[in-house]
Amino acid sequence: MPELPEVETVVRGLRPKLAGRRLVRVETRRKDLRIPFPRRFAERLTGRRVEAVERRAKYILLRLDGAETVLAHLGMAGRMTIRLRPNEPPDKHDHVVMITDEGWEFRFNDVRRFGLMTLVADAELDSHPLLAEIGPEPLSAEFNAKVFEAAIAGRRTPIKAALLDQKTVAGIGNIYASEALYRAGVSPKRLARTCKGERAVRIVAGIKAVLADAIKAGGSSLRDYVQADGELGYFQSQWAVYDREGARCPGCDCRGGIKRIVQSNRSTYFCPSRQK
DNA sequence: CTACCATCCTGGTTGC
DNA sequence: TGCAACCAGGATGGTA
């Protein structure tokens, strides 16, 4: 899926067209995605004002008037776009369409339907099952080496798997886990509980740096991901290791180049000579 | 707690 | 060219 940088880019694209606007027409075009839409979802949104567009972890939040929030996740292949395109028929995989009072058309397209969109009362947002267990925002000051070390203390799982666990830290997925560990010089196979002290400092710095760089580039585009205006991100050209099996490591002259291994059934890429 | 596997779903790519 | 197998940015729930 879109990981944190891609979701952040989508949020930044949606915000100028959605925040402060009223939804004059809302349509769901099937009854569920990963989970069912709430009862009368479209009716309950129609006429509401979007007060803010925010991100938490990989979730997109449309804060509505009336103290409710649309909580949305893009899954692996979800796209949210917003354009002026009157009367253009929806695509087969456009599952939600919303029109604002200024005539902008929002579409949630998701071929694989691993995404979701639901409606939550603001009072229940923090304790909502989808959000309650999620760890700190990696780009916030509250995510630091001390907090990170505490989160992984005692865990016998490989550090790569621990980074994919949203309880450890929010928003990291398969691409940025590999990239962050490369920047940190830490092997993805190293047990989480051994990533203490200087290693923890380097991993936290690696996470923050790679996510910030990726946001600057508008995220990574391959296959499904596009920004809210349909443009492509370009961070994939800056990947050091992800999807680069056999390529030269950009940081050293090691012979073997980038290696690919499988952990928890997901591909991991790293440079064995730089990452210990 | 942990590892591991299957599952949801579609479509693009690879290999025979 | 056809077709089947495999693979994919996520998350969850079951098993051992």
Side-chain angles (χ1 to χ4, degrees), chain A residues 1-11 29-37 55-60 71-80 91-95 108-118 128-135 138 150-181 188-195 207 210-211 214-215 217-227 232-239 241-245 260-269:
Chain A
M1 131 175 167
E3 306 181 30
L4 185 150
E6 291 74 37
V7 177
E8 178 64 25
T9 301
V10 167
V11 162
R29 307 190 63 253
R30 51 176 297 123
K31 62 180 190 313
D32 60 13
L33 293 174
R34 195 179 97 208
I35 62 173
F37 291 109
R55 179 191 59 74
R56 167 75 176 117
K58 299 174 195 171
Y59 286 90
I60 293 163
L71 187 58
H73 195 290
L74 299 176
M76 294 260 260
R79 305 172 170 206
M80 284 187 186
D91 175 88
K92 177 180 171 188
H93 302 295
D94 286 337
H95 306 307
F108 184 10
N109 179 291
D110 183 5
V111 273
R112 292 175 71 181
R113 308 206 299 269
F114 287 1
L116 65 88
M117 193 176 262
T118 191
H128 192 281
L130 293 170
L131 297 181
E133 308 250 303
I134 292 177
I152 60 174
R155 296 186 59 185
R156 295 159 193 271
T157 196
I159 187 63
K160 156 75 168 1
L163 294 184
L164 290 182
D165 182 347
Q166 300 298 296
K167 293 194 273 296
T168 308
V169 55
I172 297 177
N174 206 40
I175 294 175
Y176 298 106
S178 282
E179 293 295 321
L181 290 171
K189 296 188 279 192
R190 171 174 284 279
L191 293 191
R193 62 175 177 171
T194 71
C195 297
I207 289 169
V210 75
L211 295 179
I215 289 170
S220 302
S221 290
L222 71 158
R223 302 184 187 91
D224 303 305
Y225 166 73
V226 295
Q227 300 180 22
L232 300 177
Y234 57 87
F235 191 71
Q236 64 280 7
S237 68
Q238 296 174 47
W239 291 341
V241 291
Y242 186 81
D243 201 24
R244 299 192 68 237
E245 183 178 20
R260 172 184 181 271
I261 58 173
V262 174
Q263 297 178 289
S264 318
N265 266 333
R266 317 286 307 273
S267 295
T268 300
Y269 299 87

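Residue numbers begin at 1 in each chain, while the letters A, B, ... track the order of the sequences.
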Using atom [atom1] of [X] as one end and atom [atom2] of [N] as the other, report the distance to the nearest whole Å.
X	N	atom1	atom2	result
A:Asp110	B:dT10	CG	C1'	10 Å
A:Ile35	C:dA11	CD1	P	13 Å
A:Leu116	B:dT7	CG	C1'	16 Å
A:Arg112	C:dC6	CZ	C1'	12 Å
A:Met76	B:dT7	CE	P	15 Å
A:Lys189	B:dT2	NZ	P	20 Å
A:Leu131	C:dT12	CG	P	10 Å
A:Arg34	B:dT7	CZ	P	17 Å

Practice task
Determine, answering yes or no, if A:Phe114 is stacked on B:dC9 under the 5.5 Å centre rule and the 30° plane rule.
Solution key: no

Exercise for the section: May I ask you to decide if A:Ile175's main-chain N or O and A:Ser178's side chain share a donor-acceptor pair within less than 3.5 Å? Expected result: no

Exercise for the section: Find out whether A:Val10 and A:Val7 are in side-chain contact, i.e. whether some heavy atom of one side chain is under 4.5 Å from a heavy atom of the other. Expected result: no

Practice task
State, yes or no, whether a side-chain contact exists between A:Gln236 and A:Asp243 at a heavy-atom distance under 4.5 Å.
Solution key: no

Problem - Set of residues satisfying salt bridge (Lys or Arg N to Asp or Glu O under 4.0 Å) with respect to A:Asp91, sequence neighbours excluded - result: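 A:Asp91 satisfies salt bridge (Lys or Arg N to Asp or Glu O under 4.0 Å) with no residue once adjacent residues are dropped.
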
Exercise for the section: With sequence neighbours excluded, tell me which residues meet salt bridge (Lys or Arg N to Asp or Glu O under 4.0 Å) with A:Arg156. Expected result: none

Compare side-chain N and O positions of [X] against OP1 and OP2 of [N] and report whether any pair is under 4.0 Å apart.
X	N	answer
A:His93	B:dG11	yes
A:His73	C:dG10	no
A:Arg266	C:dC7	no
A:Arg155	B:dT2	yes
A:Gln166	C:dG10	no
A:Lys92	B:dT10	no

Polar pairs (N or O, both sides) under 3.5 Å between protein and nucleotides 3-5 of chain B?
residue: B:dA3; atom: OP1; partner: A:Arg156; partner atom: O; Å: 3.3
residue: B:dA3; atom: OP1; partner: A:Thr157; partner atom: OG1; Å: 3.1
residue: B:dA3; atom: OP2; partner: A:Thr157; partner atom: OG1; Å: 2.4

Checking [Y] against [X]: is there a side-chain donor and acceptor pair closer than 3.5 Å?
X	Y	result
A:Tyr176	A:Ser220	yes
A:Thr157	A:Arg193	no
A:Thr268	A:Gln263	yes

Practice task
Please confirm whether any donor atom in the side chain of A:Arg113 sits under 3.5 Å from an acceptor in the base of B:dC9, or the reverse.
Solution key: no

Handout entry: Rounded P spacing from C:dA5 to B:dA6 in Å
Key = 16 Å

Exercise for the section: Using a strict cut-off of less than 4.0 Å between a Lys/Arg side-chain nitrogen and an Asp/Glu carboxylate oxygen, indicate whether A:Asp32 and A:Arg30 qualify as a salt bridge. Expected result: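 Yes.
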
Would you tabulate the nitrogen or oxygen pairs shorter than 3.5 Å linking the protein to nucleotides 13-16 of chain C?
none

Problem - A:Lys167: side chain to side chain contact (heavy atoms under 4.5 Å, CB included) partners, not counting sequence neighbours - result: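 Side chain to side chain contact (heavy atoms under 4.5 Å, CB included) list for A:Lys167, sorted by chain: A:Glu133, A:Asp165.
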
Exercise for the section: Looking at every strand, decide which applies to A:Arg30 at a 4.0 Å heavy-atom threshold: base, sugar-phosphate, or nothing. Expected result: nothing

Exercise for the section: Assign A:Gly115 to base, sugar-phosphate, or nothing according to its heavy-atom contacts below 4.0 angstrom with the strands shown. Expected result: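 Here A:Gly115 touches no strand at all.
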
Practice task
I would like to know whether A:Lys31 and A:Phe37 meet side-chain contact (heavy atoms from CB on, under 4.5 Å); could you show each step before the answer?
Solution key: CA-CA 6 Å; A:Lys31 62 180 190 313; A:Phe37 291 109; 5.6 Å; no

Practice task
Report the stems of DNA chain B as range-with-range entries sorted by first number; a stem here is at least three consecutive pairs, Watson-Crick or G-U wobble, both distances under 3.5 Å, and write none if there are none.
Solution key: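 Result, WC/G-U stems under 3.5 Å: B:2-8 with C:10-16, B:10-16 with C:2-8.
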
Handout entry: Identified side chain to side chain contact (heavy atoms under 4.5 Å, CB included) partner of A:Ile60 from the options A:Arg55, A:His73, A:Met80
Key =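 It is A:Met80; the other options fail the test.
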
